[in-house]
Amino acid sequence: PLRSNNNPYASFGATLARDEEQNLWSTPHDVTHTEADDDRVLYNMIVVRNQLDKDSEEWQKLNYDIYTLRQTRKEVRSRWKHILEDLGFQKEADSLLSVTKLSIISDSQNMSKARDILLKLSEETNIFPTSWELSERYLFVVDRLIALDAADEFFRMASTVYPKRASGERADESHRAPQ
């Protein structure tokens, strides 16, 4: 292999940057991430940004938008993880939230129930930001919760921890339900 200045780690940062851009959901080295609509939107933003001059205002704006979108995704995932942990899934939370191209719906009859619960979570809780478009990723997670007979309890907990509030109000972490 080619090495600049005999440093075997010279290209390490570049490899990490490529991995991060390929992996739109911030799971390191996950080459099987789901390419849902929101993944394609983020990917297209990255492609456009990378074609711009880094000193330009457009590049800075796109870079900020990409960062904001990734942070929002991390926040949503963190909310789901907190609720799963509060429900007793401390060890399983990460695997329950892991969705890849290889993920399947456990029972096709659960699909409509999973959609209903996901829509209800969106409309009746603050687990997703106001501007959030529902992600297929969380449909798989709700399906898993249905299979574990924990979907209704998850919804109740989400309603308690992240109640729907009038615009402008923020949910306070002190209102979290006890574990």
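The shown structure was predicted, so the numbers you read here are calculated from the model rather than taken from an experiment.
- Contact of the Val142 side chain with the Lys113 side chain is not registered, since no non-hydrogen atoms from C-beta on lie closer than 4.5 Å.
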Take Gln51 and Val47 through the test side chain to side chain contact (heavy atoms under 4.5 Å, CB included) and record every step on the way to the result. CA-CA 7 Å; Gln51 294 172 351; Val47 168; 3.7 Å; yes
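- Not counting sequence neighbours, the partners of Asp94 by the salt bridge (Lys or Arg N to Asp or Glu O under 4.0 Å) test are Arg77, Lys81.
- Taking every heavy atom of both residues into account, Lys164 and Glu124 meet most closely at CB-O, 3.7 Å.
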Should Tyr67 and Leu62 be marked as a side chain to side chain contact (heavy atoms under 4.5 Å, CB included) after you check the CA-CA gap, both sets of side-chain angles, and the distance that decides it? CA-CA 8 Å; Tyr67 173 81; Leu62 263 175; over 6 Å; no
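- Within the 4.5 Å cutoff, the side chain of Val99 has heavy atoms near those of the Arg144 side chain.
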Does Val48 form a side chain to side chain contact (heavy atoms under 4.5 Å, CB included) with Glu58? I'd like the steps, not just the answer. CA-CA 10 Å; Val48 170; Glu58 295 87 15; over 6 Å; no
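- Listed by chain and residue number, Met45, Lys61 satisfy the side chain to side chain contact (heavy atoms under 4.5 Å, CB included) test with Asp65 (two or more places apart in sequence, or in another chain).
- Met111 has its side chain within reach of Leu139: a pair of non-hydrogen atoms, C-beta onward, lies under 4.5 Å apart.
- Remark: Asp149 engages no residue in a side chain to side chain contact (heavy atoms under 4.5 Å, CB included) (not counting sequence neighbours).
- Applying side chain to side chain contact (heavy atoms under 4.5 Å, CB included) to Met157 and the options Thr125, Leu87, Ile127, Leu84 leaves one that passes, Leu87.
- Contact check for Tyr162 versus Leu121: no side-chain heavy atoms found under the 4.5 Å cut-off.
- Annotation: salt bridge (Lys or Arg N to Asp or Glu O under 4.0 Å) contacts of Arg115 (sequence neighbours excluded): none.
- Although no hydrogens or angles enter the test, the distance criterion places no donor-acceptor pair under 3.5 Å between the side chain of Arg79 and the main chain of Ala158.
- Inter-residue side-chain proximity for Pro129 and Val76 is flagged as met; some heavy-atom pair is nearer than 4.5 Å.
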Is there a side chain to side chain contact (heavy atoms under 4.5 Å, CB included) between Arg49 and Ile46 once you walk through the steps? CA-CA 5 Å; Arg49 179 202 60 191; Ile46 291 168; 3.9 Å; yes
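- For the atom pair CH2 (Trp59) and CG (Leu52), the distance works out to 9.5 Å, reported to the nearest 0.5 Å.
- A 4.5 Å side-chain heavy-atom check between Leu96 and Leu148 finds at least one atom pair inside the cut-off.
- To the nearest 0.5 Å, atom CD of residue Glu85 and atom CD of residue Gln90 are 6.5 Å apart.
- Atoms OG1 and CZ, on Thr68 and Arg73 in that order, are 12.5 Å from each other to the nearest 0.5 Å.
- A search for salt bridge (Lys or Arg N to Asp or Glu O under 4.0 Å) contacts involving Lys120 returns nothing, not counting sequence neighbours.
- The distance between the ring centers of Phe128 and Tyr138 falls below 6.0 angstrom.
- Taking CZ of Phe140 as the start and CG of Leu118 as the end, the distance is 12.0 Å to the nearest 0.5 Å.
- Take Glu153 and apply the salt bridge (Lys or Arg N to Asp or Glu O under 4.0 Å) test, not counting sequence neighbours, and it matches Arg156.
- Between Thr72 and Glu75 the shortest side-chain heavy-atom distance does not fall below 4.5 Å.
- The closest side-chain heavy-atom distance from Ile117 to Ile146 is below 4.5 Å.
- Residue Gln60 holds its CD atom at 12.0 Å from NZ of Lys54, rounded to the nearest 0.5 Å.
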